[in-house]
**Q** 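After the structure tokens below, expect a handful of questions from me.
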Amino acid sequence: MHNSSNMEMENEINKELTDSFAMKGGEGPDSYAQNSSYQRTAIEDAKRLIQEAIANHLDPKTLTGKIYCIADLGCSTGLNAFLAVQDIVEAIELQYQSQGLAAQIPEFQVFFNDQIANDFNTLFRTLPVNRKYFAFGVPGSFYGRLFPSESLHFVHSSSALHWLSKVPKEITDRNSSAWNKGRIHYLNAPKEVAEAYATQHRKDLDTFLHARAQEIVSNGLLAIQMVASSDVIPDSDFKPGMELELLGSCLVDMAKVGLVSEEQLDSFNVPICYSPVKDVKEIIERNGHFSIQRMEALNLESFYAALNVEILVSWCRALLEQSIEKQFGRGIIDELFNRFSKKLVEFSNILRPEKPETVHLFVLLKRKHKA
Ligand SMILES: C[S@@+](CC[C@H](N)C(=O)[O-])C[C@H]1O[C@@H](n2cnc3c(N)ncnc32)[C@H](O)[C@@H]1O
């Protein structure tokens with residue numbers, strides 16, 4: 001039973017969290033909807049793993065009631081969320097049919113979650129007309145409780161869990177050894193900065209798993225896709241987050257000529273952390289509520305083969321433009337991304353690392369049986 005003081009505590013966690021790093025909304029040329037082919041490639045490759053997950057782990061006979069509840073956490077806008085949900089629904093239907101239970105296929109309730117600043121209007125306007133589910137929007141941070149206890153059967157989250165709940169406080173504190181002066185991310189920063197990011201990510205992932213453990217039924221499934229660092233970083237000059245370092249260096253150049261202030265720059269950090277795969281595994285195991293059924297890297301070769309400067313710039317704009325605008329104002333956006341584009345041409349080997357330094361990780365978790 002969930003008591004009210006637990007609930008209050010979890011709401012407090014939710015309130016504290018930032019909502020400022022939402023993707024660019026709408027359907028325009030720089031919107032997330034139009035610039036999410038990287039994430040889409042991951043969803044497409046994960047389809048076979050979702051099908052196998054359902055074939056191996058969903059026993060129709062254990063469903064009590066006639067409603068199957070699915071949540072997509074960090075859905076953003078655009079086709080991606082709909083594709084992922086459609087894959088899940090179709091795989092479940094197939095599972096019932098293959099067991100001769102076609103007449104008992106449940107009704108599907110699908111909850112689309114994202115931060116409150118997400119463009120839910122575009123999401124709802126573009127919902128597929130022929131969908132086979134009832135759709136709901138759930139605003140709020142997934143680093144807190146979003147759903148009633150034991151109310152979800154399948155939770156999906158793609159390309160979202162490497163976003164931290166917030167920028168770690170100490171990295172914007174000029175009196176801290178973790179102060180991240182003149183950078184927007186942790187690459188090539190003092191080791192205290194990277195440690196602050198890693199500590200925050202560890203806490204966030206544990207909070208996420210704790211919240212989902214309350215919400216998912218016994219034996220329910222949690223399929224996560226997130227960007228992580230390879231455990232073995234290839235011995236090369238390529239490191240996770242180089243594009244963010246390059247973007248940060250453009251802001252440094254702009255600060256030097258007075259286009260942005262140093263204070264603005266020093267207080268801006270991108271809350272993305274690419275934790276090593278082995279750390280992610282350890283966090284899940286230590287949390288203890290879920291068993292790991294599968295953990296492997298997805299294949300994004302087709303995306304990398306097509307990657308060029310223009311795609312990378314639009315992708316970064318879709319991800320970061322809204323928060324950069326909030327921090328530095330609308331006036332610098334075109335100038336910043338023009339400079340970024342030029343630097344990418346100069347350092348174009350970023351687009352073609354010999355061995356990818358990050359992996360797009362797929363993890364299938366099963367909620368352990370609740371006593
Ligand atoms: C890169 S997009 C991925 C969107 C979609 N799942 C996909 O695969 O294309 C990451 C999304 O996660 C959302 N997100 C990040 N942190 C979140 C949080 N704490 N709670 C809910 N959503 C969050 C962002 O707002 C953004 O829409």
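Indexing begins at 1, ligand by ligand and atom by atom, following the structure's order.
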**Q** With a 4.0 Å cut-off on heavy atoms, is S157 touching ligand 1?
**A** no
**Q** Check each of Q39, Q115, R40, Q322 against atom 15 (C) of ligand 1 and report the one with the nearest heavy atom.
**A** Q115
**Q** Please work out which of the three classes, parallel, tilted or perpendicular, describes the rings of F303 and Y38, given edges at 30° and 60°.
**A** perpendicular
**Q** Find all atoms of ligand 1 within a distance of less than 4.0 Å from any non-hydrogen atom belonging to S76, and give their numbers and elements.
**A** 4 (C), 27 (O)
**Q** Find all atoms of ligand 1 within a distance of less than 4.0 Å from any non-hydrogen atom belonging to Y32, and give their numbers and elements.
**A** 1 (C), 2 (S), 3 (C), 4 (C), 5 (C), 7 (C), 9 (O)
**Q** Can you figure out which of G74, S165, S36 has its heavy atom closest to atom 4 (C) of ligand 1?
**A** G74
**Q** Suppose we screen for side-chain hydrogen bond (donor to acceptor under 3.5 Å, both in side chains). Which residues come up paired with K281, at least two apart in sequence or across chains?
**A** E285
**Q** Only heavy atoms count here, so choose which of F142, W163, Y143, F21 is nearest to atom 17 (C) of ligand 1.
**A** F142
**Q** Under the side-chain hydrogen bond (donor to acceptor under 3.5 Å, both in side chains) test, which residues partner Q104, sequence neighbours left out?
**A** none
**Q** Start with the C-alpha distance between Y133 and F82, add both sets of side-chain angles, then the distance that settles ring-ring contact (aromatic ring centres under 6.0 Å, His included), and finish with yes or no.
**A** CA-CA 11 Å; Y133 50 83; F82 306 138; 7.7 Å; no
**Q** Could you list which atoms of ligand 1 come closer than 4.0 Å to a heavy atom of M23?
**A** 1 (C), 2 (S), 26 (C), 27 (O)
**Q** Could you list which atoms of ligand 1 come closer than 4.0 Å to a heavy atom of N113?
**A** 21 (C)
